[in-house]
Amino acid sequence: MGKIQTITLQEAAGLIQDGDMLTFSGFTIWRRPMALVYELVRQGKKDLHLFEVNGGTHTEVLAGAGAIKIWESCWVGHELYGKLGEGVARSQVENTIIVEDYSHAHCVARLLAGAYGLPFMPTPLSMGTDILNPAYDNLKKAGLRDGSNPKIPKQKYLMYEEPFFDKGALVLVPAVNADWALIYASQVGSEGTVRVNAQTYTDPEAIKAAKKVIVIAEEIVPETYLRDDPTKNLAAPYAIDYIVELPWGAHPTGSQGYYDVDADFIRQFYAASKSKEKYDEWAQEWIFGVANHDEYLEKLGVSKLEKLKANTVLGYSTRMKRGSR
Amino acid sequence: MGKIQTITLQEAAGLIQDGDMLTFSGFTIWRRPMALVYELVRQGKKDLHLFEVNGGTHTEVLAGAGAIKIWESCWVGHELYGKLGEGVARSQVENTIIVEDYSHAHCVARLLAGAYGLPFMPTPLSMGTDILNPAYDNLKKAGLRDGSNPKIPKQKYLMYEEPFFDKGALVLVPAVNADWALIYASQVGSEGTVRVNAQTYTDPEAIKAAKKVIVIAEEIVPETYLRDDPTKNLAAPYAIDYIVELPWGAHPTGSQGYYDVDADFIRQFYAASKSKEKYDEWAQEWIFGVANHDEYLEKLGVSKLEKLKANTVLGYSTRMKRGSR
Amino acid sequence: MTAKNELCKPGEYKAIDLLAVAAAREVNDGDIVFAGTGLPMLAIMLAQLTNAPNAVCIYEAGSIDGRPIDLPTSVGDARCAYQGSISAGLTESFYGQLTCGYVDLGFLGGAEIDKYGNVNTTVVGDYASPSKRFTGSGGNPDINSYARRTVFIMVQEKRRFKENVDYITSPGWRLKKWPSGEWATRKEVYGKYYQGGPEAVITNMGVFRFDEEGIMYLDTVHPGYTAEQVKDNCSFDLNISRVTGETKPPTYGEIELLYTRVDPEGIFLP
Amino acid sequence: MTAKNELCKPGEYKAIDLLAVAAAREVNDGDIVFAGTGLPMLAIMLAQLTNAPNAVCIYEAGSIDGRPIDLPTSVGDARCAYQGSISAGLTESFYGQLTCGYVDLGFLGGAEIDKYGNVNTTVVGDYASPSKRFTGSGGNPDINSYARRTVFIMVQEKRRFKENVDYITSPGWRLKKWPSGEWATRKEVYGKYYQGGPEAVITNMGVFRFDEEGIMYLDTVHPGYTAEQVKDNCSFDLNISRVTGETKPPTYGEIELLYTRVDPEGIFLP
């Protein structure tokens, strides 16, 4: 909290330290702070601890670069455009990252607890599954649940029987409070009020739960415009620490009201993500081979961007070919 | 849940049985389902168990009529227009109702747990106060925490030390799931989507937590109008059981976008609420003396209603005299 | 001219068409459906156009009762929110809708399943040193935990229908009581939180249901297959003694709706 | 003509004016303030027009950083939400803002207070058979639990400044550890949830603060009163040894703002 600073993408990435714990806005391949993720790779960040309600293309960009040490989540892939998170999968099989699996609702519960300043949230979901198998607690196996790292709870979860209604055991999952929430938002007011269009996913919770918040905004708009309808906003100015104004900052993921998911780009990335060599080639072309976000956009080209652009009434592209017909 | 039925005010009140547990929409003197509360008194309901995040004029109408047996809440009064809940206060002093005191946030936590299908919610608020004094648990003293009534939890609260971060004890408060949520909403779509203007208070939680939901709507509007902006709606059609369309149904409490609080009316009611005799006179005039809601509005008169009517841009009345100048 | 309610003949429809149609028929009118990405979306949209016009759909990312006019490709898609009753986020969909108790039907996919309906979408092999990782659970186990009925849509392969899945991602009818790990029935594990469980599995070869013991059996066989062939495509000893007949093929009307209204762009239907 | 920053002379302002002005001065610029109904609203609005232009206000009923152009009479008032950053509900204000950790300053009222800053707004007499009931807690104890600093605005009367309050509604510096009921410091009771506590009490006679032991002392005396007079209006033995002087009276500018910008309708200011 405190006065918001408007900074550059490079400065934003520069704030993140090796080993920091990160969480992100968005959902699978929607509203991810991609430009900032690219910049983290460009700056060679390492040993990152990711907590994600769900993963997506951004996760795979970081996984391929070998930037992730711990990945706590429930899912990673590219939806229709790449069915696996190949980088995470390979790293887990090769034992180069620590994966901690929760269910999707468990992840939401953990982030909600963090957002609400609570140490845990209860949930009756996904009981009886191997997600709760104590032998499969990878952070514990790695010796990281000894309490020395305040970001790693001493237990993965707890079965708890409450005394109020005698309904039997349910699951308590521990809070998450990441060092940084890296947020892509469609609109940020000139004083810092944040708005996204359509579904909010877990963006408000990610903002509240993190110690510091960086927002990559599609556009900065007059504060009074957002305040004319406060029911539609996500976060107050004091919840945000840094802002970067960056059109197309979520590409190739989609941003409702602005542009659709770039399916072809993600398919190509997915193909590249299947081996370290191909990933490196891809990164050479799209991350290291462009000096900055402007060059990245130039490389994509106007005709591509125009096809992705959202219909202003529907919020998604109607010019993009989506299927086989 | 199920198909929504549109019914009359009389039918709506007729659904409530003596002894039922109720909760309400609104906040103190805003958006209370007053017309339905009057009708409950007209129909002579008794032994009601109220759980309210906070009380207000509607509580006092029920308290004065001797309709309340148990009142679980944190506050009752009429804001600036009557500083005490005289009816509840008198009933507590005379020991004719059972009052169970929680803090405001505890009440929110209890309703949120009910809404989310959880048996409890944790909160670190209001620790160390007499709200948590075990000797002051009035439902326990009345022998009602024996588990025989599923709507009364076996404990008022529990101090709980979690094993995740060793942050020490915090409070767990039990869920509330009332038999009925009696909701006043500004707009209900023709298929049942519910919207209110401005702050949502705990209206969404009250709807979700209750077994059955009756909505008194200021107006029924085309469903597509509400669905053009789904970010502004409170509840989906399947969350609602019964609808009554009733303009001015929240009077004398206020409804943002429609009308302001009727300060004079509440002041007069507050004066009347100070004794059983005066309350009965007041009820004779305003509840039993009018056959229905139309007669009630006629009795208020056009010029009064026009003064209360909200400015359509600001959402509150600009024609009403509020202070001494 | 053929009547729309007339059944297609063999060769007049693809396997995926029947998969979608058979799944759609599992939706009861008025059901509140929590649907996953992919074929479940296709099936619920078809159901809304046919046998279940009053069914409503909740999508995980926060769209409540949306009425998409273009087929969404992901539950996070803006298309899901079009003319929705509520647009919110995951806290609303999981806590405000699912554990709140509104959901009648979970409509899900899966990579592997066992005879108790336990589904694996996490790893192949030992979790400590897996040979392959899938996407992970997503919301599959959550929806499956709390919907009153769950329907899975899957590809029928011997290696996918297993005696035991390598990892129980999504809960079937026989589960583990954690932290002890002893096997128990779903009702024992969920106690008073028990809502229901897997009701049907729809594949490209047949429709499967679960008996009183929570064990999968073959209910109907898709046209062109025999019960024995289906059994041969399961690693466990499939009960085929309760087969009630052949799965009803799609009607011409259903096929028309699928290709002209549900997926005219050819996203899922090639 | 008098300068706006010149101090009013005795008789040129009312007791309630000084109450509002003294309270407003407790707001630091940039503070995130959680304010209760009544005088706290007046004070925060004045502070925003004077010493704390970047202070923002959260109102319990769900208005986050509203910028009312007409004085609200209740935290539930539509006026609170005008040009707000977020308009939501109580779950947002208590969980999403207060326990989330955003709140710097709680701005509250109270009926009775003791020397540890414990406030009673519940009952007079024994709780089991009270002689009088007040409104109840409302959000007073919640806000006071989690704001980093709390300021109370109260009427100074001997019967309101008590050795012990009949019921601890809102937590001061010495509390009970429940369920045992042993007395403990606020830090012991709140443990790692400790954020701060009551910092000042503003009455119509003076400004009170709390010492290292959490015991109330008189800091400044309002013009026209002596420290002894204030002490006589307390039931407990008020420490007046630390008085730093006289409370600064309102300036002409502050009075003008109060009557022309904050409460032109005369809602709180007669």
Side-chain angles (χ1 to χ4, degrees), chain A residues 26-30 53-54 73-77 79-80 83-85 88-89 92-93 95 101-105 108-109 112 123-134 136 159 165 167-170 197-205 254 256-257 261 310 314-316 322-325, chain C residues 37-38 60-63 70 73-82 87-91 94-95 98-99 122 127-142 145-146 167-171 175-179 181 184 186 189-193 263-268 270:
Chain A
F27 185 95
T28 65
I29 54 170
W30 301 91
V53 169
N54 51 70
S73 190
C74 74
W75 189 94
V76 59
E79 299 271 12
L80 278 191
K83 62 182 178 172
L84 286 184
V88 168
Q92 185 177 8
V93 169
N95 209 19
D101 277 298
Y102 282 91
S103 84
H104 208 180
V108 170
L112 187 64
T123 172
L125 298 177
S126 295
M127 298 194 290
T129 69
D130 274 322
I131 293 166
L132 304 181
N133 186 334
Y136 293 171
M159 297 306 299
F165 304 101
K167 289 187 76 179
L170 84 172
N197 299 298
Q199 305 97 315
T200 55
Y201 306 147
T202 42
D203 295 358
E205 291 84 354
Q256 292 91 335
V261 173
L314 292 168
Y316 50 84
R322 296 200 301 151
S324 60
R325 280 188 293 276
Chain C
T37 286
E60 223 160 327
S63 298
D70 293 299
T73 60
S74 141
V75 298
D77 196 327
R79 290 163 183 82
C80 298
Y82 187 77
S87 174
L90 280 76
T91 296
F94 283 125
Y95 278 117
L98 185 61
T99 59
T122 304
Y127 184 76
S129 54
S131 61
K132 183 182 169 79
R133 184 185 171 88
F134 300 126
T135 51
S137 71
N140 194 313
D142 305 309
S145 295
Y146 234 66
Y167 183 98
I168 299 179
T169 309
S170 194
L175 295 164
K176 297 281 185 75
K177 272 191 118 158
W178 301 116
R186 185 181 177 103
V189 169
Y190 279 81
K192 291 183 183 164
Y193 300 102
D263 188 14
E265 295 172 78
I267 294 168
F268 294 99

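Every chain is numbered from 1 and lettered A, B, ... according to where its sequence line falls, protein lines coming before strand lines. Just so it is clear, the values below take in all heavy atoms, side chains as well, and ignore hydrogens, waters and symmetry mates.
When each of L175(C), I267(C), T135(C), V189(C) is checked for heavy-atom pairs under 4.5 Å with chain A, T135(C) comes out on top. With chain A as partner, the option from G136(C), S137(C), S87(C) having the largest number of non-hydrogen pairs under 4.5 angstrom is S137(C). Put simply, of S73(A), A109(A), S126(A), G315(A), the one with the most heavy-atom pairs under 4.5 Å next to chain C is S126(A). Ranked by non-hydrogen atom pairs under 4.5 Å with chain C, the options A89(A), A310(A), S103(A) are led by S103(A). Of the residues considered (A81(C), G181(C), P264(C)), P264(C) shows the highest number of contacts with chain A, using heavy-atom pairs under 4.5 Å. The residue among G191(C), S129(C), G139(C) with the most heavy atom pairs within less than 4.5 Å of chain A is G139(C). Contact count versus chain A (heavy atoms, under 4.5 Å) is highest, among G62(C), A88(C), G38(C), A184(C), for A88(C). Ranked by heavy-atom pairs under 4.5 Å with chain A, the first of G89(C), G76(C), G266(C), A78(C) is G76(C).
No part of K177(C) comes within reach of chain A, as not one of its non-hydrogen atoms sits under 4.5 angstrom from that chain. Only the side chain of V53(A) has a heavy atom closer than 4.5 Å to any heavy atom of chain C. Heavy atoms closer than 4.5 Å to chain C are found in the side chain of V108(A), but not in its backbone. Residue M159(A) touches chain C through its side chain alone, counting heavy-atom pairs closer than 4.5 Å. Contacts of L112(A) with chain C are made by side-chain atoms alone, with heavy-atom separations under 4.5 Å and no backbone atom involved. With a threshold of 4.5 angstrom between heavy atoms, D77(C) approaches chain A through its backbone and through its side chain. In this structure, chain A has a heavy atom under 4.5 Å from the side chain of T122(C), while its backbone stays farther away.
A pairwise comparison of heavy atoms in S74(C) and T28(A) identifies OG-OG1, 4.1 Å as the closest pair. Nearest heavy atom pair, residue F134(C) against residue K132(C), reads CE2-CE, 3.6 Å. Contact between S145(C) and Y190(C) at its shortest, heavy atoms only, is OG-OH, 3.0 Å. A pairwise comparison of heavy atoms in L98(C) and D142(C) identifies CD2-O, 3.3 Å as the closest pair.
If you run side-chain contact (heavy atoms from CB on, under 4.5 Å) between Y127(C) and each of N133(A), D130(A), D101(A), only D101(A) comes through.
Counting only distance, with no hydrogens or angles, the side chain of N54(A) and the backbone of V76(A) share no donor-acceptor pair below 3.5 Å. Between the S324(A) side chain and the P270(C) main chain, no donor and acceptor come within less than 3.5 Å of each other. When atom types are taken as modelled, the side chain of R133(C) and the backbone of L84(A) share no donor-acceptor pair closer than 3.5 angstrom.
One finds the OH atom of Y167(C) at 6.0 Å from the OG1 atom of T129(A) (value rounded to the nearest 0.5 Å).
Classified by interplanar angle (parallel below 30°, tilted 30° to 60°, perpendicular above 60°), the ring pair H104(A)/F27(A) is tilted.
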